[in-house]
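One structure is given below, encoded as C-alpha cells.
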Amino acid sequence: MNNQALETIFNEIADLLELKEESGFRVNAYRRVARAIGSLTEDVQAIADRGALEEIPGIGKSLAEKIFEFLDSDKVDFHEKLLAELPVGLITLARLSGVGPKTARLIHASLGISTLDELEAAARAGRLRTLPRMGKKSEENVLRGIEQARRQSARTPIGIARPMADDLVAALRALPQVRQISVAGSLRRMRDRIGDLDVLVTSDDPDPVMDAFVRSPWVLDVLAHGPSKSSVTLRTGVQADLRVVPPEAFGAALQYFTGSKEHNAKVRERAVRAGLRLNEYGLFRADGEQRIAAATEEEIYDALGMPWIPPEMREDLGEVEAAVAGALPRLVEAGDIRGDLHMHTKWSDGSGSAAEMARAAKALGYEYVCITDHSQSLKFAGGVPPEDLRAHIAEVRALSNKKLGIEVLIGAEVDILADGSLDYDDDLLAALDLAIASVHSRFRMTESEMTARVVRAMRNPYVTILGHPTGRLIGQRDPYALDIDAVIREAAATGTILELNAAPERLDLKDDHLRRARANGVQIEIGSDAHAAEGLALNYGIGTARRAWLTAENVVNALPLVKLRAALRRKRGG
DNA sequence: GCCGTTTTCGGCCCGACTGTTTTCAGTCG
C-alpha cells in the first residue's frame, strides 16, 4: 500500500520536475527511486523501521527523508508544492505518446491548454500548427496519442502478442535478404503485457526487408520508415517495430533491443566505467572505433565481466550485480518440469477424458499429471457432485501407469465459498491426492473480507494449493481485492503451495508476487489449467517463473513423483 | 538527487527517426 503510493508520488515528482525543465539527472533520480520502491518485496515501512532505507540503491538522505515524511503524514510536501505550481493536467499531456514535457509546456503556455479534451479540440481546429516547430503532422500525431491514451489497454496480453509475433517472424524469415531473426523487447523478456512487438533482423541488404515489412498486408499504418528502424501499426491495433543491423552486430543489437531500458542503462554504465562504450552495433573502446564484442550476447556480457543474463531477468532488479558476483541463480526451465497438477476433463468443463489428457502429457515428457475438475457449486462449469467424484476417484485409480506410461493422480479444483469454507467435505478431500482451492464467485468483496475468506481456506489441512490466487484476467478483469502479502505469509505458515496458473490470460500469481513468495520460502506449483490436450503448454508460466528468479527447487512440480507425493502429504501431517 | 577500485565534486547511457527545420530539437525506446 505504502509502496504503491510512494511509487506514484515519486513518478509524479519526476514528471513535474521535467515539466519545470529541472536537471534530467535529478528527474532520473526520482524515477529510479519510484521504480526501486515499486519492486520491493517488502513494505517500505518495515525497511524504514529497521533504518535500512539508505541501503536501497538510489535512496540517499534527501529521498529517505521524503519517505519518512510520507510514512508519518501520508504526503510529501515537495510533491504538494510542485502540484500547486503546475496544472495537474500537464502531467497527462506530457505522458501522451508523441508529446513530451517540452511540447506539453509549450502548448500550455501559449494556448492555455491543460486537459485532453481541450488539446483534442485545438488539434482538430488546426490551432497547434500556429506554434513554433509544429505543423499538420504534429497535430495528427497528437490526435493519435490521445486516441491511444483513451484506448487505455495500450499493452497487449502476451498470449495474444506472441502468436502475432510468431506470424510476423515466419513471414520475414522467408525473405532472401534476411539472415538472422529474433523477437526482442518485452516479448523476449516474457512480460505478461507487451507494449509493442520488437523484431530484430540482420541483413546485408536492409532496404527490401524494410519495404516488405511496411507493405505487408497486416499493416494498417506506417509510423516511421527508415533504413535501420521502421514502426507500424498492425491491423490488430498493436504496434510493431522492425530493426535491421549488419550480421556481425547481431548479438549487440539483440542485447540492446531486448532491454529493458533500465537493464541496458546499468550495463552501459559498467561499460563506461571500464573505458568502453556499448551500443546496438557492438562494444567499443571509448577512445576509438576498435570493436571488442558484437556477434553474440554471450561475448558482450563476457567482455563486461559477467555471464550471459537470461532475458527474463533483465529488469535491473539486481541481476547485473548478481551476475558480476557470479551469483545468478539457475532458473527453472521447461526440462525441469516433471508433471502438471492442474487440468480439467469432460467430467466438468474440459473436452478430453482423463486418459486422453494423460497421454498428451506423456507426449510432453511428463512423469505424472493430476486431474482437477471443478467442484459442485460451479454449476456453469459442470462442477462434479460428491457422489460422482467418488466414482471418478475409482476410475482414475484404475488407470494403469504401466499401460499409459505416466502416473495419473486425482484431485479437484474446489471452490472457496463466500465464507471461506470449501465446496467438498474434509473426508472427501482426504480421499484425493491433492486439492486446489480457488475463488470463482463473489469477487466484489472488500480486501479484508476477501483476505479473511482466502486465509480461512488455506488453514484447511486438505487444501494443498491455492489456485490462481488473485483471479485476474489480463486485460479483461482486475484482480479481486486481496492482501497478497498476508496470503504469502499464510502460505509460509501453513505450508500451502501457491499456484502460478500458466494459462496465458491469467499468469497468476504474477512476477512480482512470485518474487515475494520466493523471498518468503513459499513453494510454487506451475499448472496449465488446461481444458483440452492442446492447453497443456506451460511456456508462458515458465517464462513468468523465470522473471521471478524461480529455480527448480522453488517449483513443486519439478519434483520426481516420489518426492512430489511426500510434498503433497506434508500439510496433512502425513 | 545519488554516488565513489578515477572522485565527497562533478560526473551521471546511447542512437534513430520525425517534423520542421537551413542545422536540429524533441521524443522514443
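Chain naming here is simple, since letters A, B, ... match the order of the sequence lines and numbering starts at 1 in each. Remember, predicted model here, so these are calculated numbers, not experimental data.
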Which value, in whole Å, describes the distance between the [atom1] atoms of nucleotides [N] and [M]?
{"N": "dC14(B)", "M": "dC9(B)", "atom1": "C1'", "answer": "25 Å"}
{"N": "dG11(B)", "M": "dA16(B)", "atom1": "C1'", "answer": "26 Å"}
{"N": "dG1(B)", "M": "dT7(B)", "atom1": "P", "answer": "25 Å"}
{"N": "dT18(B)", "M": "dT23(B)", "atom1": "C1'", "answer": "15 Å"}
{"N": "dG19(B)", "M": "dC12(B)", "atom1": "P", "answer": "32 Å"}
{"N": "dT20(B)", "M": "dT27(B)", "atom1": "P", "answer": "13 Å"}
{"N": "dG10(B)", "M": "dC17(B)", "atom1": "C1'", "answer": "32 Å"}
{"N": "dT6(B)", "M": "dC2(B)", "atom1": "P", "answer": "23 Å"}

Short heteroatom pairs, N/O only, protein and nucleotides 6-8 of chain B, under 3.5 Å:
none

Going by the rule side chain to side chain donor-acceptor pair (under 3.5 Å), which residues pair with [X] if we only count those two or more places apart in sequence or in a different chain?
{"X": "Glu18(A)", "answer": "Arg31(A)"}
{"X": "Ser114(A)", "answer": "none"}
{"X": "Glu299(A)", "answer": "none"}
{"X": "Arg26(A)", "answer": "Glu22(A)"}

Is it the case that atom CZ in Arg129(A) sees more than 12 heavy atoms from other parts of the structure closer than 6.0 Å? yes
Let me know the distance between [atom1] of [X] and [atom2] of [N], rounded to the nearest Å.
{"X": "Leu242(A)", "N": "dC17(B)", "atom1": "CG", "atom2": "P", "answer": "11 Å"}
{"X": "Glu269(A)", "N": "dG11(B)", "atom1": "CD", "atom2": "C1'", "answer": "11 Å"}
{"X": "Asn28(A)", "N": "dC12(B)", "atom1": "CG", "atom2": "P", "answer": "13 Å"}

Below 4.0 angstrom, which residues in residues 177-193 of chain A have at least one non-hydrogen atom near DNA chain B? none
Quiz question: by atom type and distance under 3.5 Å, do the side chains of Asn501(A) and Asp508(A) form a donor-acceptor pair? no
Are Gln255(A) and Tyr301(A) linked by a side-chain donor-acceptor pair shorter than 3.5 Å? yes
Using purine N1 to pyrimidine N3 plus N6-O4 or O6-N4 for Watson-Crick, or N1-O2 and O6-N3 for G-U wobble, each under 3.5 Å, what pairs with dT8(B)? none
May I ask you to establish whether Lys75(A) and Phe70(A) are in a cation-pi arrangement, using a distance under 6.0 Å from NZ or CZ to the six-membered ring centre and at most 45° from the ring axis? no
Cation over ring, Arg291(A) on Phe284(A), under 6.0 Å and within 45°? no
Which parts of nucleotides 19-29 of chain B does protein reach within less than 4.0 Å, heavy atoms only, written one letter per nucleotide 5' to 3' as B for base, S for sugar-phosphate only and - for none? BB---B-SSSB
What residues, two or more places apart in sequence or in another chain, satisfy side-chain contact (heavy atoms from CB on, under 4.5 Å) together with Thr551(A)? Pro329(A), Glu553(A), Asn554(A)
Partners passing side-chain contact (heavy atoms from CB on, under 4.5 Å) against Asp221(A) (at least two apart in sequence or in another chain): Arg144(A), Leu223(A), Thr233(A)
Nearest-neighbour nucleotide for the Pro227(A) side chain, dC12(B), dA16(B), dC17(B) considered: dC17(B)
Salt bridge (charged side-chain N to carboxylate O under 4.0 Å, His left out) with Asp192(A): which of Arg472(A), Arg162(A), Lys510(A)? Arg472(A)
Quick one: list whatever passes ring-ring contact (aromatic ring centres under 6.0 Å, His included) with Tyr480(A), sequence neighbours left out. Phe443(A)
Sort me out a list of protein N/O and nucleotides 1-3 of chain B N/O pairs below 3.5 Å, or just none if empty.
{"residue": "dG1(B)", "atom": "OP1", "partner": "Arg26(A)", "partner atom": "NH2", "Å": "3.1"}
{"residue": "dG1(B)", "atom": "OP1", "partner": "Tyr30(A)", "partner atom": "OH", "Å": "2.9"}
{"residue": "dG1(B)", "atom": "OP1", "partner": "Lys66(A)", "partner atom": "NZ", "Å": "3.3"}
{"residue": "dG1(B)", "atom": "OP2", "partner": "Arg26(A)", "partner atom": "NE", "Å": "3.0"}
{"residue": "dG1(B)", "atom": "OP2", "partner": "Arg26(A)", "partner atom": "NH2", "Å": "2.9"}
{"residue": "dC2(B)", "atom": "OP1", "partner": "Gly60(A)", "partner atom": "N", "Å": "2.7"}
{"residue": "dC2(B)", "atom": "OP1", "partner": "Gly60(A)", "partner atom": "O", "Å": "3.4"}
{"residue": "dC2(B)", "atom": "OP1", "partner": "Leu63(A)", "partner atom": "N", "Å": "3.2"}
{"residue": "dC3(B)", "atom": "OP1", "partner": "Gly58(A)", "partner atom": "N", "Å": "2.8"}

Which residue pairs pass the salt bridge (charged side-chain N to carboxylate O under 4.0 Å, His left out) test when at least one of the two sits in residues 182-191 of chain A, sequence neighbours left out? Arg188(A)-Glu297(A), Arg189(A)-Glu315(A)
